[in-house]
Amino acid sequence: MKILLTGAAGFIGYHTICKLLERGDEVVGLDNVSNYYDPTLKEARLKLLEGREGFTFIRGDILDRATVAKAMNGVDRVIHLAALAGVRYAFEHPDEYIDINIRGFFHIIDEVRKQKVKGLIYASSSSVYGGNEKLPASEADRTDDQISLYGMNKKDNELMAHTYHHLYSIPVTGLRFFTVYGPYGRPDMALFLFTDALLHDRPLSIYGEGKMQRDFTYVDDIVAGILASCDKNYPEELFNLGCGRQEELMEYVRLIEQSCGREARKEYLPMQPGDVRASLADISRAKKMLGYEPKTRIAEGVPKFVEWYRAYYGL
Ligand SMILES: NC(=O)c1ccc[n+]([C@@H]2O[C@H](COP(=O)([O-])OP(=O)(O)OC[C@H]3O[C@@H](n4cnc5c(N)ncnc54)[C@H](O)[C@@H]3O)[C@@H](O)[C@H]2O)c1
């Protein structure tokens, strides 16, 4: 297949492209290499992709409709991952979130309609469950209680996808990712922040007084779910992609300490606005319909991240 992947220089985008190229797909990557976090990490990911057979890269913005149109020309599928992805950054930059996550999404889906692309797979988030505290969260549960601008954006994407499917029969699959981690991971996420602080002898800022639980998903498992969605190309679906296990935040911290071979100084802080205390995905639908089977638990995944981090930063 020929696939347009947006967010190509991003964490999940980079890993997805690696797998698509490995299996012989052709990929057009689109990314504006924004500076929401250190762009040198994005450039490093791109460097590993550039020159590989079947890969072309367009440095451009999804807010530029002409760029989107050009990038989508002749593709069989669109995997849309480009977004502003942090929950907290939205408090200071709400306008950017509305632009990129809502208008940007509209540009993608409306161009899919116009060019009659045969399928759109896009990143949603566990954040859409917002204030709904029922666990494990399943796709049929209520998602109308948004508690962050980011969650609201992703819910909006799901509604737009549903509307476009209804009006134009576009095949759309939304994937609700649950806390993704792994090598080349995002510098604004806990695993990176904690490892970085620990190895630089700074205290770890632990929110929610450490009493939080997360369903942590290793990036290779997420990629397997994305590829399966691309291949199945259901008419209209939403899937939770998590590990299906609820882990204590402090166990995550313990594994980081163990991998780094030292104990952390910890600074316990209250919950941040927009955050949820616990997440857990019901992944039975993805298992049944995508053959999704997460393989990596945190005891194996956290050391892999720390190993990458040390090698990459020469520590
Ligand atoms: N990582 C997670 O835990 C997680 C969880 C839930 C959902 N998601 C979603 O998965 C997707 C990928 O996330 P990620 O962790 O790889 O994030 P990321 O920030 O590493 O990747 C997103 C990429 O999109 C690019 N981008 C941003 N604005 C753009 C624009 N206007 N035009 C073109 N490119 C633009 C960025 O430069 C970046 O490289 C996002 O949609 C995110 O919301 C991620």
Side-chain angles (χ1 to χ4, degrees), residues 4-18 28-46 49 57-68 71 78-90 93 95-108 121-129 137 148-158 161 174-192 214-219 221-223 225-226 229 238-243 276 279 281 301 305:
L4 166 64
L5 188 144
T6 70
F11 166 44
I12 300 173
Y14 160 71
H15 285 279
T16 308
I17 294 171
C18 287
V28 178
L30 174 65
D31 203 300
N32 68 348
V33 194
S34 74
N35 60 4
Y36 161 62
Y37 62 76
D38 182 8
T40 59
L41 182 57
K42 297 182 183 182
E43 298 290 357
R45 296 182 188 123
L46 284 175
L49 294 172
F57 181 62
I58 299 173
R59 196 173 288 257
D61 198 316
I62 57 167
L63 291 177
D64 178 15
R65 185 69 191 249
T67 300
V68 171
V78 174
I79 301 177
H80 177 51
L81 304 178
L84 273 177
V87 172
R88 291 165 196 166
Y89 187 69
H93 305 274
D95 48 343
E96 285 181 47
Y97 275 67
I98 301 297
D99 283 347
I100 298 170
N101 294 356
I102 297 184
R103 174 156 288 278
F105 187 87
F106 163 72
H107 283 176
I108 298 293
I121 288 83
Y122 66 94
S124 182
S125 167
S126 59
S127 294
V128 298
Y129 292 109
S148 70
L149 200 72
Y150 172 70
M152 181 277 269
N153 290 171
K154 292 296 186 184
K155 176 67 188 174
D156 188 282
N157 292 171
E158 292 183 358
L175 302 174
R176 294 174 176 169
F177 302 152
F178 282 67
T179 319
V180 190
Y181 72 100
Y184 283 92
R186 265 175 33 213
D188 61 329
M189 292 187 71
L191 181 54
F192 193 113
R214 285 286 178 278
D215 191 341
F216 293 106
T217 320
Y218 193 66
V219 67
D221 290 326
I222 288 289
V223 170
I226 296 173
S229 304
L238 277 172
F239 292 110
N240 281 344
L241 293 184
C243 189
V276 296
S279 72
F305 172 84

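Positions are given from 1, in the same order as the sequence printed here. Counting starts at 1 for both ligands and their atoms, in listed order.
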Which option, [options], owns the non-hydrogen atom nearest [atom]?
atom: atom 15 (O) of ligand 1; options: Arg186, Arg59, Arg214; value: Arg186
atom: atom 43 (O) of ligand 1; options: Phe11, Phe178, Tyr150; value: Tyr150
atom: atom 11 (C) of ligand 1; options: Ile222, Ile100, Leu81; value: Leu81
atom: atom 30 (C) of ligand 1; options: Val87, Asn32, Leu46; value: Asn32
atom: atom 7 (C) of ligand 1; options: Gly104, Ala123, Ser124; value: Ser124

How far is [atom] from the closest protein heavy atom, and which atom is that?
atom: atom 3 (O) of ligand 1; result: Val180 N, 2.8 Å
atom: atom 32 (N) of ligand 1; result: Ile62 N, 3.0 Å
atom: atom 39 (O) of ligand 1; result: Asp31 OD2, 2.7 Å
atom: atom 22 (C) of ligand 1; result: Ala83 O, 3.9 Å
atom: atom 13 (O) of ligand 1; result: Ile12 CD1, 3.9 Å
atom: atom 31 (N) of ligand 1; result: Asp61 OD1, 2.8 Å

Indicate yes or no for a side-chain donor-acceptor contact from [X] to the backbone of [Y] under 3.5 Å, with no hydrogens or angles considered.
X: Thr6; Y: Ala82; result: yes
X: Lys42; Y: Asp31; result: no
X: Asn101; Y: Ala83; result: no
X: His15; Y: Pro183; result: yes
X: Ser279; Y: Asp215; result: yes
X: Asp38; Y: Thr40; result: yes

* Asked: How long is the gap from OG on Ser229 to CG on Leu238, to the nearest 0.5 Å?
  ->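 Going from OG on Ser229 over to CG on Leu238, the span is 10.5 Å.
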
With a cut-off of 4.0 Å, which atoms of ligand 1 are near a heavy atom of [X]?
X: Thr179; answer: 3 (O)
X: Gly60; answer: 32 (N), 33 (C)
X: Lys42; answer: 36 (C), 37 (O), 38 (C), 39 (O)

Would you check whether [X] has a nitrogen or oxygen atom less than 3.5 angstrom from a nitrogen or oxygen atom of ligand 1?
X: Tyr37; value: yes
X: Tyr36; value: no
X: Ser125; value: no
X: Met189; value: no
X: Gly10; value: yes
X: Ser126; value: no
X: Ala82; value: no
X: Gly13; value: no

* **Side chain, backbone, both or neither: Val33 near ligand 1, heavy atoms under 4.0 Å** =>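 Just the backbone.
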
* Check whether the ring centres of Phe305 and Tyr181 lie less than 6.0 Å apart, and answer yes or no. =>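 When the ring centroids of Phe305 and Tyr181 are compared, they turn out to be at least 6.0 Å apart.
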
* To do: Could you tell me which residues satisfy side-chain contact (heavy atoms from CB on, under 4.5 Å) with Asp156, sequence neighbours excluded, listed by chain and number?
  =>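 Only Ile102, Met160 meet the side-chain contact (heavy atoms from CB on, under 4.5 Å) criterion with Asp156.
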
Check the orientation of [X] and [Y]. Use parallel for under 30°, tilted for 30 to 60°, and perpendicular for over 60°.
X: Tyr89; Y: Tyr97; value: tilted
X: Tyr129; Y: Phe178; value: tilted
X: Tyr14; Y: Tyr184; value: tilted

* Asked: Is there side-chain contact between Ser148 and Arg88, with at least one heavy-atom pair below 4.5 Å?
  ->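 Contact flag for Ser148/Arg88 side chains = no.
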
* Among Asn157, Ile62, Ile121, side chain to side chain contact (heavy atoms under 4.5 Å, CB included) partner for His80 ->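 Answer after filtering Asn157, Ile62, Ile121: Ile62.
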
* Please state whether Ala8 comes within less than 4.0 angstrom of ligand 1, counting heavy atoms only. =>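 No, Ala8 has no heavy atom closer than 4.0 Å to ligand 1.
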
